[in-house]
Protein chains: 2
Amino acid sequence: MSKEPISGTKQRRRSDQVTLSQVAEAAGVSPITASRALNHPDKVSDRARHSVHTAVERLGYVPNLIAGSLASSRSRLVAVIVPSLVNTVFVEVIQGLQETLEAQGYQILLGNTDYDLDREYQLVRTFLGWSCSALVTAGLRHNQACHTLLANWNHPIMEVMELGQAMDLNVGLDHVTAGRCMASHLIKKGYRHIVYVGARLSQDYRAGMRFEGHKAVLQANRLAAPLVELNTLGSLQAGAEGLAQVLAHYPQTQAIHFANDDLAAGALLAAQRQGLRVPEDIAIAGFNGLPLGQHVTPQLTTILSPREEIGRLAASTLIQRLSGKAVEHRQHDVGFTLQAGGST
Amino acid sequence: MSKEPISGTKQRRRSDQVTLSQVAEAAGVSPITASRALNHPDKVSDRARHSVHTAVERLGYVPNLIAGSLASSRSRLVAVIVPSLVNTVFVEVIQGLQETLEAQGYQILLGNTDYDLDREYQLVRTFLGWSCSALVTAGLRHNQACHTLLANWNHPIMEVMELGQAMDLNVGLDHVTAGRCMASHLIKKGYRHIVYVGARLSQDYRAGMRFEGHKAVLQANRLAAPLVELNTLGSLQAGAEGLAQVLAHYPQTQAIHFANDDLAAGALLAAQRQGLRVPEDIAIAGFNGLPLGQHVTPQLTTILSPREEIGRLAASTLIQRLSGKAVEHRQHDVGFTLQAGGST
DNA sequence: AGAAAGGATGGTAGCGCTATCATTCGCAGC
DNA sequence: GCTGCGAATGATAGCGCTACCATCCTTTCT
């Protein structure tokens, strides 16, 4: 008897990849035992496990995870959807997620929405098609279709960055309070003419929430809360532009509250190039606690947000849920820290 | 006849997900026609295509990509392996890849090696198990096992960042030449006591290659080429530390050639905090052309590497190969630009 | 009009793996 | 010796989809 395909049989194998059956044959066990030896090592005898591993080694077997996932309907993939990669904040969250998830044998499927909720919906659809074990997405806002899709999905959903009415799990911080906090700080420092500068607040709506907090505090102090909105998302260049606009439209401004540190640092560096003294001529505050802000002179006043911790905490909460344990706190406030530097 | 499972039949469907067969039934066509309507729309009649799409819409069908990939042994996944996410350089490459790949319906599977080649091997194994359509990895160096695995893999492999003897496709720049270029610039500017500062050059070996170029130029000019190697990878903090070490060990140093802009900018800002004049007391140069370097005063002398372009070019080359077209240039040198700022 | 060519559709048989159930085996307990 | 039990192993039947081939129904050409 040859190993040639029996004529008349449909022959479809295209890749010459080693299969589990071949491993099993080489190890002298049945395919299912080979499968168990690899995936549930405690359920087979030492002898079987050893001969399977030897065969795997010898044949250079690489498990076909697609077939395994189809059969078990578990994929060990975690979808991660962020609005941007340019913004280092999300990269740090991903970093935190990855550390923990990869250690547990999960792989990350990365999606980028570019701050577009329709794009998010498309990504979610695709990712559900991969039978992801869990989904992590930045933010609580989704479009209707996306919301419906996720609501009917029975796997863990982790919404990160902000706190609020989440679909399932939630790790983040309260951006309104963060905005209030910085505004209070600026007022306490004696500034009265304070401008908030953000970029595309309808997209980066968390920056908008911080502005809400900021505005509430200023109004409570009977101060005006002017807003300058830029068109390009956070970058040093945009920060310089923001400074210019503030000086042009609100010449008596004493302090600028920027939506993030990229903008703030850009403005600070631009101010120095123009010979403006910070904070004497103009005070500058940011948000996020990027390393850059700590290295400029004067040091940037900012709010430290624990980004990697968000990622790690999100990951470990997911791992807990995925391993069948109950999660007691479905919502976790990671808080923030006001870091007062010399810039205010 | 009920729709209950016939007793005696093994029943395994766990998820109540809508399947293609259900869509087909609702649309009044066979499953295979429904499949074609979604994946090869030009191969079915308008009527069939329309009724299938209506049924998809009505039932909320989400294609099971795992099943599809298993059957077709094509996954539309592209594995991307980078050594670090903290280093924004790789994030920008990913950004460039993602833009192009997502537009073509490919999804990115992200892996992070932490500059560890054994980790890379593990990731490659996992990713091959996902039947990825292609693999992108940063760098040309792999361990033996990884090399063997990839050599026997018959899908496009794209090695990015550096140029050289690649396994398949290659997009990058010549780091040795880049190092030479900067060294020449410094010498042309009249500096004679020049120190190179890098971090973990055995891991970030591309920085090591730049040092090789740097050293060759200095030696050709009969100059010593001292090296200061730091233990922490690129960060502003490490840059400050590098400056301190140089001042301590090589007090007569006139210029420092840093392995990257993070280090250089950190040193520049630290120098200013200490009242050192740049470039009069100490000249500083970097590599990468990060925005930060362009916003400090004086502007940082650096070498602009086109990171996003690497990503985009890598992606479009892959797309070309994946769509069956021949790729004429398997290697692409994206080059670099010396950007002379006030810091040297 | 009839044949050839081409487009649309469908039946069947897998893709490589694992869930499920059945079987075998060894050993303790009476 | 026999039953009962759990551990180890195996046979079978899918997971949901698409490749492959066969069929059917148009269209076009001689």
Side-chain angles (χ1 to χ4, degrees), chain A residues 5-25 27-52 56 59 61-76 126 128-131, chain B residues 5-25 27-52 56 59 61-76 126 128-131:
Chain A
I6 300 126
S7 84
T9 275
K10 285 192 190 177
Q11 185 64 20
R12 277 179 66 188
R13 289 198 66 226
R14 281 154 297 265
S15 73
D16 45 6
Q17 210 191 312
V18 180
T19 72
L20 188 58
S21 298
Q22 293 171 32
V23 170
E25 196 182 351
V29 297
S30 71
I32 186 66
T33 301
S35 166
R36 276 193 282 250
L38 296 175
N39 299 314
H40 309 280
D42 51 317
K43 299 208 167 180
V44 298
S45 63
D46 290 355
R47 201 176 45 75
R49 180 157 9 98
H50 181 255
S51 60
V52 168
V56 164
L59 299 177
Y61 170 68
V62 177
N64 184 327
L65 300 173
I66 293 186
S69 301
L70 179 59
S72 65
S73 64
R74 282 180 290 101
S75 73
R76 296 190 85 78
T126 306
L128 296 204
W130 280 108
S131 302
Chain B
I6 300 127
S7 84
T9 276
K10 285 194 190 174
Q11 185 63 22
R12 277 179 66 188
R13 290 198 65 228
R14 280 153 297 265
S15 72
D16 44 7
Q17 208 192 312
V18 181
T19 71
L20 187 58
S21 298
Q22 293 171 31
V23 170
E25 195 181 353
V29 298
S30 72
I32 185 66
T33 300
S35 167
R36 276 193 283 251
L38 297 175
N39 299 314
H40 309 280
D42 52 316
K43 300 210 166 178
V44 297
S45 63
D46 291 355
R47 200 175 45 72
R49 180 156 10 95
H50 181 256
S51 60
V52 168
V56 164
L59 300 177
Y61 170 67
V62 177
N64 184 327
L65 299 172
I66 293 185
S69 300
L70 179 59
S72 65
S73 63
R74 282 180 292 99
S75 72
R76 296 189 86 79
T126 306
L128 296 204
W130 281 108
S131 302

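Just so we're on the same page: letters track the sequence lines, and every chain starts at 1.
Using a distance-only test at 3.5 Å, with no hydrogens or angles considered, a donor-acceptor pair links the side chain of A:Arg49 to the main chain of A:Pro41. Side-chain atoms of A:Ser131 never come within 3.5 Å of backbone atoms of A:Ser73 as a donor-acceptor pair (strictly under, hydrogens ignored). Remark: the backbone N or O of A:Val29 is not paired with any side-chain donor or acceptor of A:Thr33 at under 3.5 angstrom. Side-chain N or O atoms of B:Ser51 include one that pairs as donor or acceptor with a backbone N or O of B:Ala48 at under 3.5 Å. Panel note: side chain B:Ser35, backbone B:Pro31; no donor-acceptor pair is recorded below 3.5 Å.
In this structure, B:Ile66 atom CD1 and C:dG16 atom C1' are separated by 13 Å, rounded to whole Å. To the nearest angstrom, C1' of D:dG16 lies 16 Å from CG of A:Leu128. If you measure from atom CD of A:Gln22 to atom P of C:dC15, you get 11 Å, rounded to the nearest angstrom. A:Leu65 places its CG atom 14 Å from the C1' atom of C:dC15, with the value rounded to the nearest Å. Counting to the nearest Å, the C1' atom of C:dA13 and the CG atom of B:Leu70 are 13 Å from each other. A:Leu38 places its CG atom 11 Å from the C1' atom of C:dC17, with the value rounded to the nearest Å. In this entry the distance linking NE2 of A:His40 with P of C:dT20 reads 11 Å, nearest Å. Between the CG atom of A:Leu20 and the P atom of D:dT9 there is a distance of 15 Å, given to the nearest Å.
Put simply, the side chain of B:Asn64 does not reach to within 4.5 Å of the side chain of B:Thr19, judged on heavy atoms. Residues A:Leu20 and A:Leu38 are in side-chain contact: their nearest non-hydrogen atoms beyond the backbone lie under 4.5 Å apart. Side-chain contact between A:Ser69 and A:Trp130 is absent, with no heavy atoms from C-beta onward closer than 4.5 Å.
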Between protein and nucleic acid, restricted to nucleotides 23-28 of chain C and to nitrogen or oxygen atoms under 3.5 Å apart, what atom pairs and distances do you find?
none

Report each atom pair, protein N/O against N/O of nucleotides 7-10 of chain C, whose distance is under 3.5 angstrom.
from: C:dT9; atom 1: OP1; to: B:Ser45; atom 2: OG; distance (Å): 2.9
from: C:dT9; atom 1: OP2; to: B:Ser45; atom 2: N; distance (Å): 3.0
from: C:dT9; atom 1: OP2; to: B:Ser45; atom 2: OG; distance (Å): 3.4
from: C:dG10; atom 1: OP2; to: B:Ser30; atom 2: N; distance (Å): 3.0
from: C:dG10; atom 1: OP2; to: B:Ser30; atom 2: OG; distance (Å): 3.0
from: C:dG10; atom 1: OP2; to: B:Thr33; atom 2: OG1; distance (Å): 2.7
from: C:dG10; atom 1: N7; to: B:Arg36; atom 2: NH2; distance (Å): 2.8

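Remark: B:Tyr61 OH to B:Gln22 CD distance equals 10.0 Å, nearest 0.5 Å.
Remark: A:Arg74 is not in phosphate contact with D:dC15, judged by side-chain N or O atoms under 4.0 Å from OP1 or OP2. For C:dC15, neither phosphate oxygen OP1 nor OP2 lies less than 4.0 angstrom from any side-chain nitrogen or oxygen of A:Asn64. Checking the phosphate oxygens (OP1, OP2) of C:dG16, no side-chain nitrogen or oxygen of A:Tyr61 falls inside 4.0 Å.
Taking every side-chain heavy atom of B:Ser35 into account, D:dT18 is the closest of D:dT18, C:dG16, C:dA19.
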